[in-house]
Each structure stands twice: as structure tokens, then as C-alpha cells.
Amino acid sequence: MNINSQAVPQISVLIPLYNSQPFIKETVYSVLSQTFRDFELLLMDDGSTDSTAEIVKSIQDERIRYERCPHDFVGTFNRGLSVARGKYIALIDHDDLMTPERLQMQHDYLESHPDVAACGGGMQTFGASSEKMYAAEKYQDIMLAFLLRRRGPVFNPTGFFRRDVINRHSIRYRRGYAFAVDTKFWTEVSRVGKIVNLPETLVWYRTSQKQTSMLTLCESQKSAEVIYHEHVDFMLSQLDDKEELKSLITANVMPALKKMVDLSFFSADVYFRFIAEIIQGLYHNGFLNLEEPLSGDLPTKPVAHSIKPHPVAPGSEDGEKSYAALSYAEKEFLRSYEPLTAGYFPLRGKKFKFSHAPSFADMAEEIFEQEIYQFKTDSERPYIIDGGANIGLSMAYFAEKFPNAQIIGFEPDKVIFPILKENMEQLDNRNVRIYEKAVWYEDTVLDFYSEQALAGSAMIDFNNHQNKIKVEAVNFNKFLNRKVDFLKLDIEGAENEVIFKIADNLRFVENMFLEYHELDSRNQNLQDILLLLKEKGFSYTIKVANDVNKFPFKKEKIKNYTQQLNIFCYRL
């Protein structure tokens with residue numbers, strides 16, 4: 001078959017074959033039965049002499065790519081890496097089986113963790129033995145376990161990695177390492193990118209007394225020992241040259257330990273336990289960072305479960321701690337996205353979809369880190385209205401802060417609303433309702449400028465895209481007929497009309513966030529809005545949201561709007 005005959009897939013599943021007649025059909029069907037469907041299956045035949053080729057060719061599936069190579073395992077595997085076209089490459093041995101959701105789980109994980117180069121997972125053995133095989137999960141634990149257990153960073157049949165990482169760093173199977181080429185491969189990956197292992201079982205691993213790993217155990221252990229020594233030397237080379245500790249360890253301690261092994265004072269196993277203790281001590285005392293790749297160029301950031309608390313955020317009271325929503329590296333990574341590129345990102349233990357990554361970073365910082373919507377209430381079941389919910393980060397914040405709250409959200413943009421709906425489906429709060437409608441003062445249909453990101457508006461074409469659509473609008477007064485603990489009114493210019501039409505019902509509102517856009521400096525109405533707020537019993541604080549007019553005295557004509565303010569309204 002022509003390797004390049006089909007559209008580019010998300011994943012290339014790579015299986016080297018050699019005399020695979022007994023099991024290959026079962027292995028192939030375990031791949032073809034994956035819940036994730038967008039992959040190619042590369043079957044690289046390493047010069048089989050049995051009926052492997054006939055069996056493979058009898059399986060009809062357009063995703064299969066079969067290629068016969070000369071008998072040279074290293075060359076055959078590297079050929080597979082070269083012809084793979086997927087964004088990711090998944091490995092499995094020719095006699096093992098994939099669990100049905102394996103590709104989906106690993107694909108989703110790397111999609112939502114751009115700083116991770118590769119991931120593996122657990123295995124369940126069958127055949128000659130039956131046991132669960134677990135791997136260390138966090139990167140730093142993997143690095144330490146590599147020395148303590150003398151096992152590669154991942155179980156090779158569960159390996160899943162970014163193709164661009166291994167190509168950029170020319171990582172391939174290396175000759176000269178006998179039957180431990182996979183261990184060498186994974187140590188090279190671990191140096192240039194973070195590796196993690198998922199806790200789930202990803203592969204059923206076939207065991208027998210005749211399998212290659214059993215027959216070549218002695219040779220592979222000898223080669224692996226060379227790799228461990230190389231890796232230890234590499235790790236110690238990362239120490240600061242200015243630190244006296246480096247010269248002490250590399251010039252005195254290491255040679256002495258190696259000499260004692262040579263003189264048979266203790267075994268290689270004991271030697272590596274010593275080394276693991278040294279590496280662990282260097283890590284815990286801050287001389288060696290094992291939480292990030294020792295070298296490499298992927299963006300580095302903590303995964304969702306390792307986000308650490310930072311000092312109290314602006315607006316926090318009584319020592320209440322806020323938590324960093326995203327690290328600096330995460331924000332910079334998101335802000336580097338191409339405009340209007342959709343994607344997913346982990347936040348607060350959930351995976352949120354976005355339509356515009358820079359806006360997502362800004363919203364996450366403003367909502368979860370700065371906590372600009374933080375308020376207090378005595379209500380056991382607060383009633384919260386989010387006018388202008390966008391993709392739902394503010395609603396997620398309210399649901400997290402007030403698990404018993406009744407939360408209502410409005411978003412009219414036809415591109416954004418499906419994202420909002422998807423994000424809301426993962427919230428634990430069942431009292432969340434969303435409406436695909438614009439906030440207005442009557443039930444009608446409006447012309448709406450869809451920005452497909454943060455600033456869709458019925459009043460302003462913020463980016464001059466002329467992308468005008470028709471949207472349904474709702475009379476907002478219908479929802480302001482009872483006590484409202486918090487009202488967020490972020491409707492991109494429409495507040496200039498709506499706030500006066502809902503004035504009578506503002507008496508029900510305890511706290512209100514109002515994003516104000518001044519549409520015309522010659523006909524300013526900010527004073528009218530502030531007077532209205534005062535009449536309705538609100539005190540307020542005003543903060544600049546967007547410094548649009550940097551030089552007011554130059555009296556330049558500013559496009560679209562001339563001020564953007566955040567007005568925090570509350571009752572004393």
C-alpha cells in the first residue's frame with residue numbers, strides 16, 4: 001500500500017512485526033476497535049518468514065499501512081518513525097492488546113498538557129502470568145524510579161509521544177545497545193521533554209517463556225546498565241558548574257563508588273541505590289530540578305493537579321487564599337496561539353474548551369486568580385445571573401464558590417454558545433441553566449456582531465469584521481423579579497441601553513458587576529448611569545478595564561468606544 005495515500009491522521013500507531021503469525025490478527029483488531037478513530041496503523045514487517053504478510057493483507061481497513069523491510073529491527077523501527085504522519089505516535093508490541101479507550105485517553109492528555117512530550121501507563125499481564133504492572137506517574141518520580149527500579153521511564157508497549165519532539169531532537173533507536181534500545185530511546189525523550197504515566201491500564205501484555213524479552217534478558221540487562229551509567233552522568237552534568245558540590249561528587253564520590261564496584265565490595269544494584277540516594281538528595285535540597293526536563297524546548301508548566309497556592313489575591317478578605325489559575329508559562333503558551341484557534345486546557349481540575357486562547361488566559365487570570373467577582377452572601381442558595389457568560393469561566397467560578405447556588409447564564413453568539421454548553425456539562429452544580437439569547441429589555445431579534453471570542457456585541461463591531469448575524473434576545477426583567485445575590489452584566493456596550501430599562505428591578509439586586517463601554521465621548525452617559533446606581537441604593541467602585549484612550553488631551557477620535565470601565569456595585 002502507498003504509505004502517503006490517505007489524509008494526515010492525528011495518531012500513527014506503530015507496530016514492528018517479525019514472524020507474528022500467532023497473534024498479529026488479535027493485536028490489529030484491538031487497535032482497529034479503539035474508541036478514538038483518527039489514526040493510521042503502521043505495520044512494519046522486519047523481514048518475517050512466516051505468513052505474517054498474508055494475515056495482515058487479509059484485514060481490510062483503509063487505515064492500515066503495511067511495509068516490508070529487510071531484517072534489521074533497529075532499521076525497521078526507525079523506518080516506521082520516518083514514515084509516520086500523525087501528530088502523535090503510539091507504540092505497541094505485535095503480540096499485545098490495547099484496551100479500548102487507550103488512544104483516546106493518551107490523545108486527550110497530551111492535547112490538554114502541551115508541556116508534556118510523552119506519556120505511558122499501566123499494563124495487565126496475561127498468558128504465563130497475571131498481574132497489574134504500575135509505573136511511576138509524575139515526572140520527578142519517574143526519574144528517581146528509573147534509578148531505583150532500573151526500569152525505563154515508560155512501559156514501551158504503552159508509549160505515546162509527540163512526533164515533532166523526536167524529529168526535532170533526532171531521537172531514534174540507537175545501535176550498540178543490543179536488546180535495550182527502547183530504554184535508550186525513552187531516556188533520550190526524558191531529557192528533552194516531560195514524561196508522565198497515566199494511572200489507567202492501557203495494554204494487556206502477553207507473557208510466555210518464549211517471548212523475546214525473556215530469551216534476551218541477560219543481554220538486555222547488560223545494555224541497560226550502560227544506559228543507566230550514561231543517564232547518571234548526564235543528570236550530574238546538569239549541576240551548576242559554580243557549585244563546589246558538583247566537583248565533589250563527580251571528582252571524588254563517583255569514582256570511589258565505581259572503584260568499589262570494580263573491586264566487588266558491593267554489587268551494581270547497591271551502587272545504583274547509592275546513586276539514587278545522591279540524586280534524590282540533590283533534588284530535595286534544590287541542586288537538581290527533577291520536576292521539569294533536564295534540557296529541552298517544550299513549554300514548561302505544572303499539570304492541573306500540581307498547581308500551588310500563591311499569596312492572597314486582590315480583593316480576598318480574612319486571609320482567604322486564592323490559587324493561581326495558570327502559571328506564567330501556561331499564560332505565555334496560550335497567548336502564543338494563533339487567533340481564533342479552538343482548543344482545550346486544564347483548569348481547576350476540569351478541562352475547558354476555548355475559542356481564543358489569549359482570551360482564555362486573560363479570563364482565567366481575572367476570574368480565578370484576581371477573583372474580581374468575589375462577593376459574600378448569607379443566602380444558603382444564592383441566585384446568580386451571568387449576563388454575558390461567554391465560554392462559562394465566570395459561571396464555573398460561581399459554581400465552585402457556591403455549590404448550592406442557582407446560576408443562570410446568557411450567551412447569544414452561535415459560535416460561543418456550544419462551547420459554553422460543553423463546559424457547563426462538566427460542572428458538579430446541577431442548578432445551572434444557560435440560554436442562547438442576548439440580554440435585552442424586550443423579547444425580540446437583534447443584529448449581533450459575532451467576534452467568535454470574547455467580545456460579541458449587539459452594539460459594537462469591536463474588530464471591524466462585519467460578521468453580523470441575527471440572534472434572539474430576551475426581556476431581562478423576567479429574571480429580576482426576586483432577590484438576586486449577584487448580577488454580572490457584561491454585554492459589550494448594550495449596557496448603555498439595558499441598564500435604564502431594568503432600573504425598576506435593580507431594587508432586587510444585592511451585588512452587581514457592570515462592564516461599561518463609553519460609545520461616544522461627545523455624548524457621555526456615564527454620569528447618568530452612576531446617578532441611577534446611586535438612586536437605586538448602590539455604592540460603587542470604578543476600575544479601568546481597558547486603557548483605550550491613553551492620551552485624552554490629544555482629543556483623537558477613538559474607534560468603536562472611548563472608555564472601558566469595571567463598575568463594582570454593592571449595598572452597604
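Small disclaimer: the values here were computed from a predicted structure and weren't measured.
The backbone N or O of Gly86 sits less than 3.5 Å from a side-chain atom of Ser12, completing a donor-acceptor pair. In terms of modelled atom types and a separation under 3.5 Å, the side chain of Glu495 and the main chain of His517 share a donor-acceptor contact. Within the 3.5 Å criterion, the main-chain N or O of Asp485 finds a donor-acceptor partner in the side chain of Asn511. Judged purely by atom type and a 3.5 angstrom limit, Asn285 has no side-chain atom pairing as donor or acceptor with the backbone of Phe287. Without hydrogens or angle criteria, Glu131 side chain to Gln124 main chain gives no donor-acceptor distance under 3.5 Å. A donor-acceptor pair under 3.5 Å is formed between the side chain of Arg162 and the backbone N or O of Val116.
Counting only heavy atoms from C-beta outward, the side chains of Ile434 and Glu411 never approach each other to under 4.5 Å. Ile419 has its side chain out of reach of Phe354: every pair of non-hydrogen atoms, C-beta onward, lies at least 4.5 Å apart. You'll find the side chain of Lys351 reaches within 4.5 Å of the side chain of Asp108, heavy atoms only. Counting heavy atoms from C-beta outward, Leu103 and Phe160 have side chains that approach closer than 4.5 Å. Within the 4.5 Å cutoff, the side chain of Pro157 has heavy atoms near those of the Met123 side chain. Looking at heavy atoms from C-beta onward, Lys478 lies in side-chain contact with Asp443 at the 4.5 angstrom threshold. Taking the side chain as every heavy atom from C-beta outward, Ile11 and Gln106 never approach each other to under 4.5 Å. Side chains of His107 and Asp38 form no contact here, defined as non-hydrogen atoms less than 4.5 Å apart.
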> So Glu365 and Gln370, side-chain contact (heavy atoms from CB on, under 4.5 Å) or not? Walk me through it.
Replying inline: CA-CA 6 Å; Glu365 179 177 359; Gln370 298 175 5; 3.8 Å; yes
> Could you go step by step and tell me if Asn431 and Tyr383 meet the side chain to side chain donor-acceptor pair (under 3.5 Å) rule?
Replying inline: CA-CA 10 Å; Asn431 300 312; Tyr383 180 39; over 6 Å; no
>> What verdict does the side chain to side chain donor-acceptor pair (under 3.5 Å) test give for Gln374 and Tyr397, after you've listed the backbone C-alpha separation in whole Å, the side-chain angles of each residue and the deciding distance to 0.1 Å?
In response: CA-CA 9 Å; Gln374 183 180 145; Tyr397 172 82; 4.5 Å; no
>> Under the criterion side-chain contact (heavy atoms from CB on, under 4.5 Å), I'd like the reasoning laid out for Met395 against Leu420: C-alpha separation, chi angles, the key distance, then a yes or no.
In response: CA-CA 10 Å; Met395 295 186 71; Leu420 169 65; 4.2 Å; yes
> Stepwise, does the side-chain contact (heavy atoms from CB on, under 4.5 Å) test hold for Asp490 with Asp386?
Replying inline: CA-CA 8 Å; Asp490 183 359; Asp386 193 333; 5.8 Å; no
>> Could you go through Met363 and Ile391, starting from their C-alpha distance and side-chain angles, then the distance that decides it, and tell me whether this counts as side-chain contact (heavy atoms from CB on, under 4.5 Å)?
In response: CA-CA 10 Å; Met363 285 190 291; Ile391 65 171; 3.9 Å; yes
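A ring-ring contact (aromatic ring centres under 6.0 Å, His included) with Phe375 is found for one member of Tyr570, Phe568, Phe402 and no other, namely Phe402.
Using cut-offs of 30° and 60° for the angle between ring planes, the Tyr373 and Phe513 rings count as perpendicular.
Using a 4.0 Å cut-off between charged side-chain N and carboxylate O, Lys87 and Glu111 make a salt bridge.
Counting heavy-atom neighbours within 6.0 Å of Lys421 NZ, excluding the residue itself, gives a total of 12 or less. Heavy-atom neighbours of Lys534 NZ from other residues, nucleotides or ligands within 6.0 Å: at or below the threshold of 12. Residue Asn481 qualifies as enclosed at atom CG: its count of foreign heavy atoms under 6.0 Å is above 12. For Glu472, the CD atom sits in a loose shell: 12 or fewer heavy atoms of surrounding residues, nucleotides or ligands are nearer than 6.0 Å. The number of heavy-atom neighbours closer than 6.0 Å to CD of Glu442, taken from other residues, nucleotides and ligands shown, is above 12.
Distance check: Cys569 SG to Leu514 CG gives 5.5 Å after rounding to the nearest 0.5 Å. For the atom pair CG of Leu565 and CD1 of Ile542, the computed distance is 6.5 Å after rounding to the nearest 0.5 Å. Once rounded to the nearest 0.5 Å, the distance linking CD of Glu366 with CG of Asn566 reads 6.0 Å. Within the model, atoms CG of Asn289 and OH of Tyr283 stand 7.5 Å from one another, a figure rounded to the nearest 0.5 Å. Note that CD1 of Ile385 is 12.0 Å distant from NZ of Lys488, once rounded to the nearest 0.5 Å. Distance check, rounded to the nearest 0.5 Å: CZ of Phe486 to CD1 of Ile407 gives 11.5 Å.
Minimum interatomic distance between Arg102 and Val203 (heavy atoms only, all atoms of both residues): NH1-CG2, 3.7 Å. Considering every non-hydrogen atom in both His356 and Ser359, the closest pair reads ND1-OG, 2.6 Å. The shortest non-hydrogen separation linking Gly409 to Ala389 is CA-CB, 4.4 Å. Heavy atoms only, all atoms of each residue included: Ala117 and Gly193 are closest at CB-CA, 3.7 Å. In plain terms, the two heavy atoms of Gln524 and Asp528 that are nearest each other are O-OD2, 4.4 Å. Contact detail for Met512 and Phe538: the closest heavy-atom pair is CE-CE1, 4.5 Å.
Within the cation-pi definition used here (under 6.0 Å to the ring centroid, within 45° of the axis), Lys501 does not qualify as a partner of Phe476.
Outside the 6.0 Å centre-distance limit, the rings of Tyr88 and Phe161 are not counted as a close aromatic pair. A distance below 6.0 Å separates the ring centres of Phe479 and Phe410.
Side-chain N/O atoms of Gln104 and Gln34 include no donor and acceptor closer than 3.5 Å.
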